[in-house]
Amino acid sequence: ALHPRVTEAVEPNGVSVPPELHLTKTAGASPIVAGQEASFLVQLWNSGPSDALEVQLHDDLPPGLFWDLEILSGDATEADCTVASSQVEGEEREMSIDCDFGTLGVTDMAGGIIIRVFAGTDPTDCGTLVNNVNASASDLGAPLTASASIEVTCPQVPALVIDKVADAEIIVISGPNDDLVATPSV
């Protein structure tokens, strides 16, 4: 039996109409310069006609960074999500986010769940950060997937060249005991 607040659409022939979940992933900005924050927005909503049941989200975050999240809107809290981290010796740390939202009612995109994931970057992160996310529900067929990427650029550092030229052929260094004579070499 469904919870009294759960909406289930039924066709005239008695067949239940499944929910229609939508999932998007967008980059906060791209390109960014190493040292700036990398961020992605995940949007999840159900356009109905039925409520989506046992809704889950899994987000494999780009490796090597320390990611965090915040729920910006929707019927969800940060307690619905867990951030997991693992690292194999000699390899980059990998992180993921898993969320269990339970029942997701019918809403439009603006009323759906919006999650922002973010991490600081540094010069070791130069290149492309690819972020993949998927969502599923018990009353939905195949899981939904979405992805986005951010290009992290590193400014070119000019080469530093130092030319050393001796300003005298013989240098006399005076000390308390004796004078030292040195001939510079370049």
Side-chain angles (χ1 to χ4, degrees), residues 3 5-7 18-88 91-155:
H3 185 278
R5 288 184 40 218
V6 173
T7 303
E20 189 170 332
L21 280 180
H22 302 271
L23 177 66
T24 65
K25 165 77 72 159
T26 55
S30 184
I32 63 171
V33 177
Q36 293 180 315
E37 180 183 84
S39 68
F40 294 96
L41 283 182
V42 177
Q43 293 183 276
L44 178 65
W45 73 99
N46 173 20
S47 63
S50 297
D51 288 353
L53 306 176
E54 300 175 24
V55 176
Q56 297 181 334
L57 181 131
H58 177 78
D59 193 351
D60 285 321
L61 299 163
L65 289 93
F66 186 77
W67 293 93
D68 203 355
L69 76 109
E70 61 183 342
I71 306 289
L72 298 179
S73 68
D75 188 20
T77 67
E78 289 181 27
D80 294 327
C81 300
T82 58
V83 179
S85 175
S86 65
Q87 185 169 11
V88 175
E91 294 185 19
E92 291 183 304
R93 173 185 38 244
E94 294 190 9
M95 295 185 75
S96 64
I97 295 172
D98 289 291
C99 302
D100 187 354
F101 298 121
T103 299
L104 187 58
V106 177
T107 185
D108 59 9
M109 182 179 187
I113 297 170
I114 301 175
I115 302 170
R116 183 172 96 81
V117 294
F118 55 95
T121 63
D122 62 42
T124 64
D125 302 316
C126 292
T128 304
L129 304 175
V130 178
N131 188 203
N132 300 304
V133 64
N134 63 61
S136 63
S138 64
D139 50 352
L140 183 70
L144 303 171
T145 61
S147 66
S149 61
I150 296 174
E151 190 66 31
V152 181
T153 61
C154 284

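Index from 1, following the sequence.
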* Working for side-chain contact (heavy atoms from CB on, under 4.5 Å), residues Leu44 and Val55 -> CA-CA 10 Å; Leu44 178 65; Val55 176; 3.8 Å; yes

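Annotation: side-chain hydrogen bond (donor to acceptor under 3.5 Å, both in side chains) contacts of Ser30 (sequence neighbours excluded): none. When the side chain to side chain contact (heavy atoms under 4.5 Å, CB included) test is applied to Asp122, the partners found at least two apart in sequence or on another chain are Thr124, Asp125. Partners of Asp59 under the side-chain hydrogen bond (donor to acceptor under 3.5 Å, both in side chains) rule, at least two apart in sequence or in another chain, are Lys25, Asn131. Remark: Ala119 pairs with Leu65, Trp67 by the side chain to side chain contact (heavy atoms under 4.5 Å, CB included) rule, at least two apart or across chains. By the side-chain hydrogen bond (donor to acceptor under 3.5 Å, both in side chains) test, Thr128 is found to be paired with Glu151, residues two or more places apart in sequence or in another chain being considered. Shown here are the side chain to side chain contact (heavy atoms under 4.5 Å, CB included) partners of Ser86, two or more places apart in sequence or in another chain: Glu94. In this structure Leu144 satisfies the side chain to side chain contact (heavy atoms under 4.5 Å, CB included) test together with Leu21, Leu23, Leu140, sequence neighbours excluded.
Taken from CG in Asp139 to CG in Asp51, the straight-line distance is 8.5 Å, to the nearest 0.5 Å. The distance from the CG atom of Leu104 to the CG atom of Leu53 is 10.0 Å, given to the nearest 0.5 Å. To the nearest 0.5 Å, atoms OG1 (Thr103) and CG (Asp75) are separated by 9.5 Å. Separating the CG atom in Asn132 from the CG atom in Leu61 is a distance of 10.0 Å, to the nearest 0.5 Å.
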Side-chain donor/acceptor pairs under 3.5 Å, residues 108-116, sequence neighbours excluded:
{"unit_1": "Asp108", "atom_1": "OD1", "unit_2": "Ala110", "atom_2": "N", "d": "3.4"}
{"unit_1": "Asp108", "atom_1": "OD1", "unit_2": "Gly111", "atom_2": "N", "d": "2.9"}
{"unit_1": "Arg116", "atom_1": "NE", "unit_2": "Glu70", "atom_2": "OE2", "d": "2.6"}
{"unit_1": "Arg116", "atom_1": "NH1", "unit_2": "Glu37", "atom_2": "OE1", "d": "2.9"}
{"unit_1": "Arg116", "atom_1": "NH2", "unit_2": "Glu70", "atom_2": "OE2", "d": "3.3"}

Can I get a per-line list of side-chain donor-acceptor pairs under 3.5 Å for residues 95-102, giving both atom names and the distance, sequence neighbours left out?
{"unit_1": "Asp98", "atom_1": "OD1", "unit_2": "His58", "atom_2": "ND1", "d": "2.5"}
{"unit_1": "Asp100", "atom_1": "OD1", "unit_2": "Gly102", "atom_2": "N", "d": "3.3"}

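Results of the side chain to side chain contact (heavy atoms under 4.5 Å, CB included) test with Val33 over Cys126, Cys154, Pro155 single out Pro155 as the only residue that passes.
With hydrogens and angles ignored, the 3.5 Å screen pairs a side-chain donor or acceptor of Asn46 with a backbone N or O of Glu20. Not a single donor-acceptor pair under 3.5 Å links the side chain of Ser39 to the backbone N or O of Val117. Without hydrogens or angle criteria, Ser149 side chain to Leu129 main chain gives no donor-acceptor distance under 3.5 Å.
Residues Leu57 and Asn134 are not in side-chain contact: their nearest non-hydrogen atoms beyond the backbone lie 4.5 Å or more apart.
Closest heavy-atom contact between Ile150 and Ala27: CG1-CB, 3.6 Å.
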